[in-house]
There are 2 protein chains.
Amino acid sequence: MITIKEVARHAGVSMSTVSYVLSGKRTISEETKRRVEQSIVTLGYHPNAGARALASNRSQVLGLVVPLRSGVNMPVIMQFVASIVASAREHDYDVLLLTKEAGPGEAHRVTARSMTDAVIVMDVESDDPRIPELRTVDAPVVLLGMPDDHEGLSCVDLDFATAGRQMAGHLADLGHHSIALIGSPPAVYERGTSYAARLLAGFRGETTKRSLQASVHPCEPGYDSVAACLDEVLAPGRGTTGLVVHNEAILGTLLLELRRRSLDVPGDLSVITLCPDDVAENLPVPLTSIAVPAQELGTIAVEMVMARLTQEHAPEVRLLQPRLTDRGSTAAH
Amino acid sequence: MITIKEVARHAGVSMSTVSYVLSGKRTISEETKRRVEQSIVTLGYHPNAGARALASNRSQVLGLVVPLRSGVNMPVIMQFVASIVASAREHDYDVLLLTKEAGPGEAHRVTARSMTDAVIVMDVESDDPRIPELRTVDAPVVLLGMPDDHEGLSCVDLDFATAGRQMAGHLADLGHHSIALIGSPPAVYERGTSYAARLLAGFRGETTKRSLQASVHPCEPGYDSVAACLDEVLAPGRGTTGLVVHNEAILGTLLLELRRRSLDVPGDLSVITLCPDDVAENLPVPLTSIAVPAQELGTIAVEMVMARLTQEHAPEVRLLQPRLTDRGSTAAH
DNA sequence: TATTGTTCTGGGAGCGCTCCCATTCCGCCG
DNA sequence: CGGCGGAATGGGAGCGCTCCCAGAACAATA
């Protein structure tokens, strides 16, 4: 293993000079810098992460707690992860993978051992049992999601309440009077998942405010439950003309089933949803939707970590405003 | 930060004794061990990973290169990742997340810096451009997948050739004479993805050997391409009575479309596929399938890493034998 | 010329561990 | 009684780096 000492000897400078060339923490003459860099390449030197961490008290590693149980919407999770890893690398950070399933305490373990300088936690629920544990972590913690009690913790999330309002409002603007929200499986609501509840609240607020007929239908994935759900929604008496869908997993099935029933979108039924843009674009019928800005949320989470790491930046909460893209699946009624 | 020195003082022993209690690398009297452990708890001591890595030349971290581009089958990827992380933790290892998209050289970077003791690489293709790079990594490398040239690298994978043979054979055994393989998108074959090619080869070998009529149809995801593909497969002249599907993404759509065409499975058409068991079970029609043993493959990959890390175990190749589960979607013809 | 400021570099302590090289204290044998 | 083997522990060098504390060289100013 080539050490900084050997690089120093080869370049005819001191260890500290090599170190400073590497870190840029003090000015080095062009000439010296060139010589050092040349030696580094010639010898094939790579700094030892452990030694660096020990001396500088910085691991340059970020902990990331990911839900890996199947049942969660994996493609979206992966978009988050991908964007977090990419952003972290831009700040010269690596990412240590922790799983939600391994239990709480993982975040605590890795920070207590100085394996990571900060932790990002995904899939945080309203009343997440991990919150108390996370407060004891002696390093910046950033949550993707919004627990009810987030005192002392940074949070980033989409503004789901506004999203719910916007989707209902969009249909109302088009003249619909009776609309339905097809939501996540009942279990999601029962678990008190923050985003589902907030979207629902926004939806309810808007439909009340604008005096719309509105019904809400949690829906399991799977062909049969989607069909059953549609039976309910489209029951003769109801006169539903607009659908707000907050359940990415069933979108494909739902649209196929509508086609099977010879219902045209948006001719017979307007449909608006909340999902990643690429999903909305690639469905049998492209859907007007509010984007899940996974990429942006991931980037912001990393920025928040860096802010708290470099400055004494206090924890903050950021709710991204929803962005609605019209893809023609909603029409005037 | 509590150090080993403070623990030693508190317990009235030397640093080395504390270290040995922690590592178990030499016998310590019950009495002393108890006192040390008590002090550790009382003081809230946590070993510093950087110092440990520096002194022991072991990071206790595994690099894992994951494909994060959407388009890959994320749920399956995540099963791998989950099982790898869980297995790694059982060996007291953590996992550093690297992305395929960040390019090759990531594996090299993290090992050269002693951030990781070994690397597992997922989604390896036949003629993977990363292979040469990986050979230069100065640490054990384990591949999930089977590149053509894997000299010096450990590999684990499902035996896709046998799987292809088994699925064709299963239909042949049931008396089918004309069957079709609905495969991955053309791009996957063009990319030379190892598993797709091997399954295809096994399928072709078996159909030839048993003199079956066989056609092969790469298929894009999306409703329209699935429908188009079925048009081809079910073209009147062909007389296809059995389907081998090697494309998890389209399974749901395919079955719905068959239902739409009033084709019964397995009455009119036998269908067999290769996918994770939980997917096969939860389709509109449960499918007879060969399992993708993601969990097992992940565990084995970690075991191989550990073997190479603890013993001077040489690189090895392991192909898991396929396991076929009959769920009644294939019938005699 | 002496003083001060500026720019660049060197020396090396110390980060918290691991593990090699002792040392101490037994009981037991010859 | 001396010597010896085994069991339990202590001491501390050294892992590769960072960053504080100086010092050297030179230019500008008094």
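Here the structure is a predicted model, which is why all the values come from computation and not from measurement. Per chain, numbering begins at 1; letters A, B, ... match sequence-line order. The figures that follow rest on heavy atoms only: side chains count, while hydrogens, waters and symmetry mates do not.
At a cut-off of 3.5 Å, with distance as the only test, a side-chain donor of B/Ser14 or B/Thr17 sits close to an acceptor on the other residue. In this structure, a donor-acceptor pair under 3.5 Å is present between the side chains of A/Thr42 and A/Gln38.
Checking the phosphate oxygens (OP1, OP2) of D/dT18, a side-chain nitrogen or oxygen of A/Ser19 falls inside 4.0 Å. Side-chain nitrogen and oxygen atoms of A/Lys25 include none within less than 4.0 Å of the OP1 or OP2 phosphate oxygen of D/dT18. For the OP1/OP2 pair of D/dG16 and a distance below 4.0 Å, the side-chain nitrogens and oxygens of A/Lys5 include no atom meeting the criterion.
Between B/Ser29 and B/Thr32, the closest heavy-atom pair is OG-OG1, 2.8 Å. For the pair B/Ala11 and B/Ser39, the tightest heavy-atom approach, listed with the atom from each and the gap, is CB-OG, 3.3 Å.
Residues of residues 32-59 of chain B that place a heavy atom closer than 4.0 Å to DNA chain D, in numerical order, are B/Thr32, B/Leu54, B/Ala55.
A donor and an acceptor atom never sit less than 3.5 Å apart when one is taken from the side chain of B/Arg9 and the other from the base of D/dG10. Put simply, the side chain of B/Tyr20 and the base of C/dC20 share a donor and an acceptor less than 3.5 Å apart.
Between B/Thr17 and A/Thr17, the one whose closest nucleotide on DNA chain D sits nearer the 5' end is B/Thr17.
Rounding to whole angstrom units, CD1 of residue A/Ile4 and C1' of C/dG12 are separated by 13 Å.
Note on A/Asp123 versus A/Arg130: no salt bridge recorded, every NZ/NE/NH1/NH2 to OD/OE distance being 4.0 Å or above.
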